[in-house]
Every structure is written in C-alpha cells, then in structure tokens.
Amino acid sequence: MTSAADLDVRTTAGAVCGREEGGLGVFRGIPFAEPPVGEARFQAPRPARSWEGVREAYAFGPPPPQESGFQGRATAVEQPTGDDWLTVNVWTPAADPAARRPVMVWIYGGAYKLGHAGSPGYDAQHLARAGDVVVVTLNYRVGIEGFALLEGAPANRGLLDQVAALEWVRDNITAFGGDPEQVTVFGESAGAGSVASLLAMPSARGLFRRAVAQSMPVTYFSAELARDIAVEFGKEAGLAATADALAAVDPRELPSVGERLSLRMSEYDDRWGRVAHTATPFSPVVDGEVLPCTPWEALAAGAGREVELLVGHNRDEYRLFLALADRLGKATEEQAAAALRTFAAGPDGERAYRAAFPDATPAGLHERVQTDWLFSVPSQRLAEAQVVGGGRAHLYELTWPAPVFGGALGACHGLDIPLLFGTYEADLGALIFMGAGVPPEAKALTARFQSAWTAFARTGDPGWPAYEVASGRLTQILDVEPEVRPYPEEVTRRLWEAYDIRALPLLK
C-alpha cells in the first residue's frame with residue numbers, strides 16, 4: 001500500500017483517518033454496527049457506539065465467521081481476526097462534502113455462506129477512479145449467523161446488516177464526497193439476491209435510488225423450509241435450533257456445522273426438493289416481516305417503481321461449479337435425466353428441454369437446465385416483473401468466454417466480477433485468467449462494464465434501451481463486439497414462461 005497523506009473525516013460515531021492512495025481517499029474497516037456477539041448474537045444489528053479521538057481506518061475489518069471456502073476449497077488470503085465484522089470501506093475521489101458524487105454500494109456474493117468486503121477481488125480503486133464515483137463495500141453476516149431461521153432471532157439478519165450499512169451511507173456519505181440521494185446498490189450472485197431482497201424489504205425503502213443485480217439466484221426459502229433446515233443445523237450441533245442454544249457455540253466454530261450439513265444435503269431430497277441439490281442450505285427467507293414476499297412478487301406489485309434496475313446474467317453460469325467439482329463436460333445420460341427431472345419447469349420439463357435442444361449432449365443438457373433454473377430465468381424474470389410493476393429495467397447478458405482452458409469455461413458464473421473491478425489476478429479472477437494472461441478484449445470489456453455501471457449510477461441509463469416486451473425485450477450483449485438485440489435466450493424464456501417463481505417450499 002502506498003500512502004501520500006492521512007485524511008480525516010468525521011462520521012456520526014466519531015472521526016476516522018484514511019489514506020490517500022493513487023489519487024483516491026481510501027477508508028477501511030469503519031464500524032457501521034456493534035459487533036454481533038454476546039447479547040447481540042443472532043439479533044438485528046445495533047448502531048455502532050461512538051468513540052473519542054480519531055480512529056484509524058487503514059485496514060479492512062475481519063470477515064464474518066464462515067466456511068473454509070466454496071465446496072471446501074480454502075481461501076488463500078490471510079484475513080484479520082476479531083469480532084468487528086460489521087464494517088464498511090470507502091473509496092472516494094475527494095472527501096469533499098460539496099462534491100456530491102454518485103455512490104455505489106457493493107454487496108458481495110458467496111452462496112450466502114461466504115464473503116468478505118476486504119477480498120482483493122473487490123478492490124474498488126479502478127471503478128471509483130474510472131467513473132468518478134464514491135464506492136462503498138460492506139460486510140454482512142453469512143451462514144447460520146446471518147440466514148438460519150432460529151427461534152428467538154429475527155429472520156434474515158444478513159439482510160438487516162445490509163440495511164444498517166445503507167443507513168450508515170445515508171447518514172455519513174456526504175462527508176466522504178458522496179450524494180446520499182444518488183445511491184446505487186450493486187451485487188453479484190448472493191449479492192444480487194440480496195439487492196433484489198432489498199427492493200422487496202420495507203425497511204430498505206428510500207435508502208437507494210438504483211439497483212444492479214448481476215447473476216441473481218432463484219433461491220428464496222419459505223419459512224417452513226427454513227425452519228426445517230434450521231432443525232437439522234441444531235441436530236448437527238447437538239442443540240436445539242434456537243438463538244439461545246446456538247449462542248453457546250463459538251461463532252468461529254459454528255460454520256463447520258453448516259459445512260457438514262452441506263456435504264449431505266442430498267439426503268433431504270424428499271423434504272427440501274431442489275435445495276437439496278444445491279451447494280448451500282442458506283438463502284433469504286420469505287418470513288412475511290423482514291422479507292414479506294419474493295422480489296418477483298414485490299416488483300410486479302410496484303415495489304420497485306421508484307428504483308431504476310439494471311439486471312443480467314452470464315451465458316454459461318453453471319460451468320464454474322462443474323469445473324470446481326471436476327465435472328465439466330462429464331455428465332452421463334442418467335445424470336442429465338436426473339437434472340432435468342429435478343430442475344426443469346413443470347412435470348413435462350424433461351421432454352420439453354430435450355425437444356427444445358435436440359442436438360444437446362447429456363453434459364450440455366445437464367449444464368443448461370441448471371444455468372437456466374438457478375440464474376438466467378430469475379434474472380430475466382426480475383426485469384419482467386419490474387416492468388409489469390411500472391418500473392424501469394435494463395437487461396444484459398455477458399457472452400464473452402473466459403480465456404482459461406481454451407475457453408472451456410465460457411461466460412461462466414463470476415466472470416463479471418474481475419471484469420467490472422479490473423481485478424484480474426485476485427480471487428476468482430486468478431482462476432478465470434489462470435495461465436492465460438489478460439487479453440486486450442478483457443480490458444476493453446472492463447472499460448465497457450465500468451462505463452455502463454457508473455453511467456447507470458449517475459443517470460439511470462447504462463447506455464442501451466430499457467427492457468420492454470413490446471420492443472422484443474432488447475438486451476445488451478457484452479462481448480468483444482457488443483450489440484443490442486432481442487433477448488438471446490428466447491428458447492429458455494419460452495420453456496419457463498408459465499413457471500411461477502415462488503419461495504421454495506418444504507415438501508413434507
């Protein structure tokens with residue numbers, strides 16, 4: 001880290017000291033809530049206590065307790081430790097209260113069980129500099145701490161953490177040079193699911209003006225399903241599924257409970273249905289209070305009418321998960337048939353998919369139906385719901401293939417993160433660009449991503465037409481040669497057209 005000067009800014013809780021780095025003011029690890037431990041464990045976030053003097057904001061706060069890594073793969077980044085999980089970080093072109101720049105608030109993904117705003121892949125310096133915007137990243141509770149539905153605790157604590165962080169932005173961002181009236185929330189995967197949830201949450205209303213959902217997952221749990229999963233967490237820990245009982249387990253030891261359950265979720269196929277065949281037992285819960293209904297229902301009813309929406313997905317989302325499991329291109333006919341029976345829409349789904357994609361291999365069908373169910377359908381339908389509810393939406397699809405393995409990963413899940421942040425050698429970028437270098441096309445796409453995303457944050461217009469059914473559902477295709485054309489996954493859209501996306505149920 002190179003620093004030329006210290007920068008002092010006063011927040012509502014006290015003064016913080018950041019550093020000038022490459023022409024930006026950077027502030028790390030600012031508490032927006034009290035550490036959620038002790039009496040605050042499993043409760044809604046509480047406002048951060050005031051402090052005397054000037055607090056150093058040089059280092060990221062510690063990540064929330066979480067599993068070792070996706071599908072058991074340990075993360076290579078050494079993380080700070082401690083209980084101050086709920087912190088924000090700010091990159092600003094100038095900490096000038098008169099500047100009133102657009103503000104972009106990033107919410108990380110990670111299957112609702114992983115993630116940390118201090119991950120190198122989320123270094124926001126390039127985005128802030130390219131778009132002349134203020135960028136905020138935040139930590140929120142994940143796994144059992146943030147999403148398990150426990151007796152004696154509010155639902156969706158991870159989402160409530162995000163609301164608290166947005167309230168901090170509202171109350172403090174002016175001092176960092178941002179405009180609290182021009183806030184855009186943006187996130188990928190579970191972060192996009194969080195963004196969509198915020199659109200549906202009464203407690204988040206008025207805290208942001210625009211929203212960007214990148215690769216939004218379909219998984220939202222009914223309360224009945226979430227309670228049943230929580231009971232299994234308790235059994236795995238040898239305790240009741242209550243906040244009081246689980247609070248007896250050290251927060252750093254509790255993630256192993258969720259990890260063990262994740263490894264045997266397929267045993268619960270008869271009760272949990274599709275969820276039993278995913279990689280995570282965590283998702284936002286439609287509890288009727290914190291989250292009254294799913295985002296699709298909320299937007300169709302007009303909840304997002306005052307918020308401009310940018311939403312999209314990558315063409316080959318599911319290939320990343322297959323590659324991580326060393327199963328890319330290896331699915332048998334039996335595995336393809338099982339995936340089609342599990343994930344395709346309706347009782348006739350398997351036949352419909354085979355008819356719609358007659359030349360697809362078993363591996364192709366296996367991948368296609370999971371990409372569609374998990375990411376592409378929910379993303380496209382979110383745009384549709386926003387328009388039905390009287391709001392404005394813009395849709396995109398990333399089709400540029402990652403260069404690693406000769407392009408075999410395609411436009412996989414997570415490819416948009418290093419392209420947006422320009423962090424090609426960090427986190428997922430290190431996998432996607434591993435040994436292949438960073439081609440000029442990637443850098444051109446980064447410039448395109450950053451220009452469109454920051455333009456949207458500034459004006460509500462990313463540079464292509466709004467999504468409208470009457471005009472053919474025009475979509476921005478992000479590739480070496482970008483183009484705007486009717487939604488390219490029309491075959492999939494028609495397969496799922498009659499499917500009613502709802503909170504996932506408990507089967508019995």
Side-chain angles (χ1 to χ4, degrees), residues 11-14 16 27-51 55 57 60-66 80 82-90 103 105-108 110 112-118 136-173 180 183 185 187 190-191 193-195 197-208 226 242-244 246-247 251-252 254-255 282-285 287 289-292:
T11 73
T12 52
V16 294
F27 302 78
R28 298 179 174 91
I30 305 172
F32 66 83
E34 280 293 289
V37 295
E39 291 184 357
R41 185 92 180 271
F42 298 118
Q43 300 307 307
R46 303 176 180 183
R49 294 175 188 168
S50 300
W51 57 83
R55 182 186 179 113
F60 293 113
Q66 57 193 266
D83 296 332
D84 237 336
W85 316 326
L86 303 183
T87 58
V88 294
N89 317 292
V90 182
V103 181
V105 180
W106 172 254
I107 302 176
Y108 53 73
Y112 302 105
K113 64 180 182 178
L114 297 169
H116 175 217
V136 178
T137 65
L138 62 96
N139 279 356
Y140 63 95
R141 284 171 283 181
V142 295
I144 294 175
E145 298 287 337
F147 289 96
L149 187 59
L150 305 175
E151 182 183 333
N156 300 305
R157 296 171 297 281
L159 299 179
L160 292 175
D161 292 345
Q162 296 165 19
V163 171
L166 287 168
E167 290 173 339
W168 183 94
V169 169
R170 177 196 62 198
D171 297 340
N172 293 282
I173 206 63
V183 174
V185 289
S194 296
V195 167
S197 298
L198 291 169
L199 285 165
M201 291 170 61
S203 61
R205 199 153 295 146
L207 293 175
F208 55 95
T242 68
D244 285 346
L246 290 175
R252 289 157 192 83
L254 198 54
F282 304 104
S283 280
V285 180
D287 66 307
E289 184 177 346
V290 175
L291 185 60

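Below, each value reflects all heavy atoms present in this structure, side chains not excepted, and no hydrogens, waters or symmetry copies.
- Using a cutoff of 4.0 Å between basic side-chain nitrogens and carboxylate oxygens, R252 and D83 are scored as salt-bridged.
- By the 4.5 Å heavy-atom criterion applied to side chains, V105 and F208 are not counted as neighbours.
- Here the side chain of Q66 pairs no donor or acceptor atom with the backbone of G143 at under 3.5 angstrom.
- For the residue pair P80 and P62, the shortest heavy atom distance occurs at O-CB, 3.3 Å.
- I30 CD1 to L86 CG: the interatomic distance, rounded to the nearest 0.5 Å, is 14.0 Å.
- The side chain to side chain contact (heavy atoms under 4.5 Å, CB included) test with V90 is passed by exactly one of N172, V136, V169: V136.
- Exactly one of V88, V103, L166 qualifies for a side chain to side chain contact (heavy atoms under 4.5 Å, CB included) with I173. That residue is V103.
- For the pair F282 and L114, the minimum side-chain heavy-atom distance is 4.5 Å or more.
- By the side chain to side chain donor-acceptor pair (under 3.5 Å) test, T11 pairs with no residue at all, sequence neighbours left out.
- Within the model, atoms CG of L138 and CH2 of W85 stand 15.5 Å from one another, a figure rounded to the nearest 0.5 Å.
- Residue G61 comes nearest to H116 through the heavy atom pair O-NE2, 2.9 Å, listed as atom of the first residue, atom of the second, then distance.
- When all heavy atoms of A117 and T137 are compared, the pair lying nearest together is CB-OG1, 3.6 Å.
- Between the CG atom in D161 and the CD atom in E145 there is a gap of 10.0 Å [rounded to 0.5 Å].
- Between F147 and N156 there is a side-chain heavy-atom pair separated by less than 4.5 Å.
- Minimum heavy-atom separation, A40 to P35: CB-O, 3.9 Å.
- We find the CD-OG distance between E289 and S203 to be 9.5 Å, quoted to the nearest 0.5 Å.
- Rounding to the nearest 0.5 Å places CZ of F42 at 9.0 Å from CZ of R141.
- Qualifying side chain to side chain donor-acceptor pair (under 3.5 Å) partners for R157, counting only residues two or more places apart in sequence or in other chains: none.
- When all heavy atoms of L159 and P284 are compared, the closest pair comes out as CD1-CB, 4.1 Å.
- By the 4.5 Å heavy-atom criterion applied to side chains, L207 and V183 are not counted as neighbours.
- Looking at Y112 and S194, their side chains come closer than 4.5 Å, going by heavy atoms from C-beta outward.
- One distance of note links OG1 of T12 with CG of D171; it measures 5.5 Å at 0.5 Å rounding.
- A 4.5 Å side-chain heavy-atom check between P154 and Q43 finds at least one atom pair inside the cut-off.
- Side chain of Y140 to backbone of Y108: a donor-acceptor contact under 3.5 angstrom is found.
- For the pair P255 and P251, the tightest heavy-atom approach, listed with the atom from each and the gap, is CD-O, 3.1 Å.
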